[in-house]
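Worksheet for the structure shown next.
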There are 4 protein chains.
Amino acid sequence: MPLNGKTKRDVLVEFRHAEILQAARRVFADKGFSDASVDEIAQAAGVAKGTVYLYYPSKRDIYWEALKGGLVALCEVLETAVRAADSTENKIRAFMRTKMLFFEEHRDFFKIYHAEFVNAGAQPGCFERDLKVFHVRQMRLLTDAIEDGMRRRSIRKLPADETAFAILHLTRGVITQRLLGLSRSGIEEAISLLFDLTWKGLAGK
Amino acid sequence: MPLNGKTKRDVLVEFRHAEILQAARRVFADKGFSDASVDEIAQAAGVAKGTVYLYYPSKRDIYWEALKGGLVALCEVLETAVRAADSTENKIRAFMRTKMLFFEEHRDFFKIYHAEFVNAGAQPGCFERDLKVFHVRQMRLLTDAIEDGMRRRSIRKLPADETAFAILHLTRGVITQRLLGLSRSGIEEAISLLFDLTWKGLAGK
Amino acid sequence: MPLNGKTKRDVLVEFRHAEILQAARRVFADKGFSDASVDEIAQAAGVAKGTVYLYYPSKRDIYWEALKGGLVALCEVLETAVRAADSTENKIRAFMRTKMLFFEEHRDFFKIYHAEFVNAGAQPGCFERDLKVFHVRQMRLLTDAIEDGMRRRSIRKLPADETAFAILHLTRGVITQRLLGLSRSGIEEAISLLFDLTWKGLAGK
Amino acid sequence: MPLNGKTKRDVLVEFRHAEILQAARRVFADKGFSDASVDEIAQAAGVAKGTVYLYYPSKRDIYWEALKGGLVALCEVLETAVRAADSTENKIRAFMRTKMLFFEEHRDFFKIYHAEFVNAGAQPGCFERDLKVFHVRQMRLLTDAIEDGMRRRSIRKLPADETAFAILHLTRGVITQRLLGLSRSGIEEAISLLFDLTWKGLAGK
DNA sequence: AATGAATGAGTGTTCATTCAT
DNA sequence: AATGAATGAACACTCATTCAT
């Protein structure tokens, strides 16, 4: 009866988990962790409050799951995309492009992700340690590319870590911009500009 | 009795306001708006909870005052500094430098300011409209400099708005980096790198 | 098919009832009525929560059944034992002995039984009326013996009811003592002492 | 201004504590710990729910305070009374008499006290250790008297501990009886009978 | 002017009970 | 017949705000 390893029950459980997580992301994105209520999440998921607790042991756990799930997916697509790129230039472009498209698709997750950086080190940061792992994975992609680029002279001499940080933050900033609806241009244009700025800087000839 | 327009009472009132605001900034920076309690703020200010309500009508108002106060000061120093700079290059450098030094001095305010960008448009965003004013003021400083720079050919052809956004976000990112204690280098080094990257980009020759 | 009046179905139903009751006694003894959860009982009985409700209409009913079942058994063995004893002295001794041995065997039931006396008249006391019947049955055994003893002059003149109460409570106390593990002596010694004290009192010659 | 060491505030605080404790005892006596709600206690005390938490940190703490307060008072009056009695016989009589009168006056406390013995060793028994102290104090009063009595030959040879236990339990039983309203006789009669039974036992000559 | 005691609405979490499968 | 997912009412506890002193 179990089809491809999953019983009907497994499917339902998985579905509920996803359903609640989805709703939670929406609510957390809107209100932030503290101002989101479990009741709201339940309602958004179309279940009763008690049902939420059948699938997650606490509000905090839902939050962390919502955060982690997105981070795992993000890191995976980033790693795949960067690895597939053939030059330093293309690796950095791939990083920016993939991240922007990913968040364009997962706006709710972006808000949660972004909020977590603000609080980073602060109070809810029970996760701090776990979060760092994902941060480091992203950093590694960039520092590797940058160091490689410097060896090949396609990038000028720069401190790799600080530079990677800058790219990370800049990319995040541009995404924020778009998601707040403050940007009129198309996504591809935005990506081009982001990369262009990063690569060439402001200076004229 | 009223000396330079202020009675003794006025002075006390002003003092209390400042005292509470200062305490509030500390607490809000630590905990965020929702997780900060008025009791904590009162305690940090060394007054009773009821006293806080003599000076501010609500928790939200304290928050907004704390935010606005910092924004006014920030915009003022930025405008002064940028106006005083003589070239496009120096104007942008001055912007970055002043902002970084300002936040280095007002870390509590930075946390609040930063958090507000996350929520921007979102829930507490009663302020949205008011916040925008300060955002626009900062943007104007940069877009003016950029457009001027493009006319003088010291900056290559770029969309002024998007570029200004990028500078804003990148600067904020570097500050975050420092305030989270993730950066080892000195402040002046950080400023130099930030400007250097922005100006020249990554590309080798 | 129905063998001595019971179909296979009847046997199963009876078996389930007993199984659940047994588990319930364990749980109620441990946690008390309010702090015991139906889930725990179901788990202890090795069935699903819903199954419990196929056999008992409510948590309260399980409790009452657990209580009543024990009380019926207790009263029966007490009546048999006391009836079998030939003298007043032996009847009282038999009462104490049988009760102590019964509870030594049914510790879980004792805890429930004991707790019910505390609450007696109080909140869950939906049972009050039903409980009284069992109380009266035990009392009757003792008052009969006592009154008979007084007629035969083997017991001095005493108010039968109050005296019976005293014996009841004293016996219960000694059992409590043992079940809480506060007693080091063997069960037979304890019984002897209990009877000896009751019969002779404290007084020296 | 502080009169006999107490400011007006101290008096109020003390009053509220007492008021809430009083109400809590009533409610806990009626419903038991688990079935009592803080809301009920607040209502019984004539204050809002939040107010209760200004005076006690948790439901459990209220309970423990209610229990401890009574136990301290009980032990004190018992010790005073027993110490004041001049013979073994009178010491034991004093113990019984004082305890019965104390509980006659503090019926609510008795229910709580009694319930705690049922659960003793069981779940809420965070107190177990603290409770034991009071138990030991009562036991000591009796064992001292008993051992002394045995030396003077006014009590026959008996194991002091077990005998003390028996007196404790028997006394408690008689009190239960009265408080449940199952006894028709006056309190003094009940005390006399209790002592008489204990001292002389059942046996006719 | 300042206090802090009092309030009560709101939140996370549990659990007896129901019911579709 | 048995399951266990779903429900929602109930509860302990918190906290912004009010107000008598």
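In what follows, chains carry the letters A, B, and so on, assigned in the order in which the sequence lines appear, proteins first and then strands, with residues in each chain numbered from 1. Owing to the predicted nature of the structure, the values given are computational and were not obtained by experimental measurement. The figures here come from the full heavy-atom set of this structure, side chains too, leaving out hydrogens, waters and symmetry mates.
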I need the [atom1]-[atom2] distance between [X] and [N], as an integer number of Å.
X	N	atom1	atom2	value
D/Phe28	F/dC11	CZ	C1'	13 Å
A/Asp10	F/dG4	CG	C1'	14 Å
A/Tyr55	F/dG4	OH	P	12 Å
A/Tyr56	F/dA5	OH	C1'	16 Å
C/Glu14	F/dA1	CD	P	15 Å

Is the closest side-chain heavy-atom distance between [X] and [Y] below 4.5 Å?
X	Y	value
B/Asp35	A/Phe33	no
B/Trp64	B/Leu131	yes
B/Leu21	B/Tyr55	no
C/Phe28	C/Ile62	yes
C/Lys68	C/Asp130	no

Inset, instruction - With A/Asp39 as reference, evaluate A/Lys49, A/Lys59, A/Lys31 under the salt bridge (Lys or Arg N to Asp or Glu O under 4.0 Å) test and give the passing residue. - result: A/Lys49
Legend entry - Sugar-phosphate, base or nothing in reach of C/Val47, heavy atoms under 4.0 Å: sugar-phosphate
Inset, instruction - Report the stems of DNA chain E as range-with-range entries sorted by first number; a stem here is at least three consecutive pairs, Watson-Crick or G-U wobble, both distances under 3.5 Å, and write none if there are none. - result: E:2-21 with F:2-21
Inset, instruction - Nearest-nucleotide wise, let me know which of A/Ala48 and C/Arg16 is further upstream toward the 5' end of DNA chain F. - result: C/Arg16
Legend entry - Interatomic spacing from CG in B/Asp30 to CD1 in B/Ile112 - rounded to 0.5 Å: 10.0 Å
Legend entry - B/S/- contact track for nucleotides 12-21 of chain F, protein heavy atom under 4.0 Å: BBB-BBB---
Inset, instruction - Report the nucleotide, chosen from F/dG4, E/dA5, F/dA6, that has the shortest atom-to-atom distance to any side-chain atom of D/Leu54. - result: E/dA5
Inset, instruction - Report the nucleotide, chosen from F/dA5, E/dG4, F/dA2, that has the shortest atom-to-atom distance to any side-chain atom of A/Arg9. - result: F/dA5
Legend entry - Sole candidate of D/Lys111, D/Arg107, D/His106 that passes side chain to side chain contact (heavy atoms under 4.5 Å, CB included) when paired with D/Phe109: D/His106
Inset, instruction - Kindly write out the residues that satisfy side-chain hydrogen bond (donor to acceptor under 3.5 Å, both in side chains) with B/Glu19, not counting sequence neighbours, or none if the list is empty. - result: B/Arg16
